[in-house]
Amino acid sequence: MNDAAPNAAPQTFYLKDYKPFGYEVESVKLTFQLSPNATKVHSAIRFNPKADAEDNRFFLHGEQLSLISAKIDGTPVTARLVDGGLECDVPRTSFLWEAEVEIDPAANTALEGLYMSNGMYCTQCEAEGFRKITYYPDRPDVMSTFTVRIEGDEPVMLSNGNPTGAGEGWAEWHDPWPKPAYLFALVAGDLVNHPGSFTTKSGKDVELNIWVRPGDEGKCAFGMEALKKSMKWDEDVYGLEYDLDLFNIVAVDDFNMGAMENKGLNIFNSSCVLASPETSTDANFERIEAIIAHEYFHNWTGNRITCRDWFQLCLKEGLTVFRDAQFTADMRSEPVKRIEDVIALRARQFPEDGGPLAHPPRPEEFQEINNFYTATVYEKGAEVIGMLKRLVGDDNYYKALNLYFERHDGQACTIEDWLKVFEDATGRDLSQFKLWYSQAGTPRVKVTEDYADGTYTLTFEQSTPPTPGQPEKAPRVIPMAVGLLSPNGDEVRGTQVLELTEAKQSFTFDGLASKPVPSILREFSAPVILERETTNSERAFLLAHDTDPFNRWEAGNALAKEVRVAMVLDGAAPDAAYLDALEKLVRDDEQDPAFRALVLSPPSQSDIAQTLHERGHTPDPQTIYDAAETFTQTLAQQLETSLPRLYAATTVEGLYVPDADGAGKRALNSRILSLLTRLDGGEQAARQYASADNMTQQYAALAALMKAEKGEAQSKAFFEQWQDDRLVMDKWFALQIACAAPEATAATAKELTQHPLFSMKNPNRFRAVMGALAGNHAGFHHASGAGYQLLAENLIALDSVNPQTTARMCAAFQTWKRYDSKRQAQIQAELERILATSGLSRDTHEMVSRMLSA
Ligand code: PHE
Ligand code: ZN
């Protein structure tokens, strides 16, 4: 299934080479005759040559297609098949292009283009999958209306837009909104729907459906509610209304990503839409709500206004992630969402930005665009918008967004268009701000302070380490939200946003009665690494008194990191003052349980490794693991007498409701259970496991038991109970690896790859196993090198099946330069082994080469 992929010198595409297509596509009509191994696709496309075209080469993308015939205005023509598509001599006036091709959906394990999943036909066209369906100018700046006829004997046959007719063995669809080919979708199979409806603010009734395989009907209700909430929220907050009579969502088991925003026909990885209390955890519910919102919000930010080219990907993704985060904050808890997002940003984006795969939110070159659906494009792209909003203020932000929708509706846009809208709406010059889109790397901001005669001075120095291809960095605009507290804990200066624009800059605060304690980077107002010499007692003070909830958590997090770093570097015992502060917080029932759960969750071992690396030490994964174990054990002992009471007090009784309030309480309860399990031999966890009536509590009990090596019976029982549920089985696979001791991790993962339910063809299952391996820090980086070897072997095996998922998972190696020379040599050998694989995909080739060359 691989494209002819040489192991050297694949083509590189550059932003600077952008040229518009020489033809306008007036309309597209597609007819599919479905058959698992031989689907015929007939296309009838009206092209109008552009009078002002700089380049009128008629080139249509096409890959893995068998061309049966081609015609222009009804007359057969001979097209020249060239690398990646075809060329043809065409008239200089409007003409109708017709082609018939044959494709093989059943053989398509790459899950791009038209493929089959559990007997159901399904498409995935973003970014460049449409060219595997038929010959077409497969680029986002070519927009057209699509009419689709599907012929086949599947009970349900869906495409974009509105249904225009159906009969025995056929269905027709028309999408009135011009769209790029990457938003095309087709689904056909034996599906059942969970219906719903929504009336828009202007009174239009929209039919909603979630389509699933028979048996999954009971897992749609939550997703349907999330969809309705999203539709309402986008009207209320952005004034954006849905624009078709019908909105369909389909759940599919085999999917490379989370979900896809195809116009009027969103396709979801079943893990991102199917939910029930018995099979989904609180975290699953929250994620599903967010992804449904994300895909729905793309209808305006992505579909009505799309990207000119794939370098502009963050135009739609950064903005849509920003919007879905606003939504989650509104539906649930704003500070909790912000803390979760920052934890994720530091875990996924900071390592990317600080390693060999670093790239700006708007990259300027790529070999395979699928490799740029990254944390930088998505999450940092969203952070950049958050900074923009903070700099211009809320009113100006919405004013600019209104102008964006007004000015660019129906267009394929660039980051320049986006920034111009803000400049025009606010009169502000954003040329320096634009560096956020073009410079890679996480800025370090060093803060020093001075106090004399009632005047307090904060001095900031920013610098960004070099990243691949960008040795020099210019200072950026950094919004720094700062507040000041008096030593007795009162806030003496509320939050204000200082605008850093220079390499070094000072700000003064007058009229202070005593030296204040600063609370810097409130709400994490910029994606930077703050460096400030401070004491643990000041951190503990902020943990107790800061009025900004994010910074209160951050103070606790920084404190936790310092304590752990000291344990790793000096073999110090866990700091007693910190343990006391934690104990006080856990027992404080005035505090939000979700917040307490977050403060009780220790920084990840990978995070500690990153911190050590930033400070010039070579992290040893085993020592970091041991420190984590010692710390948790000591904390459990410190809390020993209060744990049973705390467990009882935080147990949520009654009917399970997956709301933020219940989820927060259960998160705290689960943290306490895991501590308790270290002391009581697993008694309480076994009781919870036996009585749980929802997955959150069942899973928490199982995880606590397995971590304590007391969960063998429950793990077996869990398997027996859930072996027919693919999504729950993914949890079972992953948990065993996540809970394994470092020396047993690779062996556990290897054994699971031999399990009859392991599969290379299902990305969720592959990720459950290999993702858990890469996520077990001490296990993956175990000195034996067995973790590296196992991952590399499996990536090599997966590459010929599914290049896209292989390439994404290669990123597990991106932090390799953090570690000692022996580990580096082991990883290097594995990367070289992958690169030497014959027929390696362009996707994986690019990722591995980038990691090796930096
Ligand atoms: N555009 C999708 C999203 O962000 C992600 C995606 C990309 C899905 C590529 C499939 C393939 O919602
Ligand atoms: Zn998206």
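The analysis underlying the following values was restricted to heavy atoms, covering all of them including side chains, and did not include hydrogens, waters or symmetry mates. Start at 1 and go down the list; that is how both ligands and their atoms are numbered. Note that the structure is a prediction, hence the values are computed from the model and not measured.
Look at H298 and you'll find a heavy atom under 4.0 Å from some atom of ligand 1.
Closest to atom 8 (C) of ligand 1 by heavy atom, among A259, G302, C272, is A259. Closest to atom 3 (C) of ligand 1 by heavy atom, among Y373, Y182, Y378, is Y378. For atom 2 (C) of ligand 1, the choice among H294, E261, Q804 with the nearest heavy atom turns out to be E261.
Checked against the 6.0 Å centroid threshold, Y242 and F198 do not count as a close aromatic pair. Ring-centre distance between F247 and Y296: below the 6.0 Å cut-off.
Relative orientation of the F733 and F758 rings is tilted, given thresholds of 30° and 60° on the angle between their planes. The aromatic rings of W233 and F327 sit perpendicular to each other, their planes meeting at more than 60°, with 30° as the lower class boundary. By the 30° and 60° cut-offs, the orientation of the rings of F146 relative to F130 is perpendicular.
Residue contacts with ligand 1, taken as heavy atom pairs separated by less than 4.0 Å, involve E126 via backbone and side-chain atoms alike. Here K316 has side-chain heavy atoms under 4.0 Å from ligand 1, and that is the only part of it that gets that close.
Put simply, the residue from N256, N762, T109 that forms a side chain to side chain donor-acceptor pair (under 3.5 Å) with N802 is N256. Partner of F366 under the ring pair (Phe, Tyr, Trp, His ring centres under 6.0 Å) criterion, out of W310, F311, Y14: F311 alone.
Draw a line from the Zn ion (ligand 2) to OE2 of E317 and another to NE2 of H294, and the angle between them is 160° (to 10°).
Contact atoms of ligand 1 toward E295: 3 (C), 12 (O) (distance under 4.0 Å to a heavy atom of the residue). Heavy-atom proximity to Q124, at under 4.0 Å, picks out these atoms of ligand 1: 10 (C), 11 (C).
Looking only at heavy atoms of the protein, atom 6 (C) of ligand 1 is closest to M257 CE, 3.7 Å.
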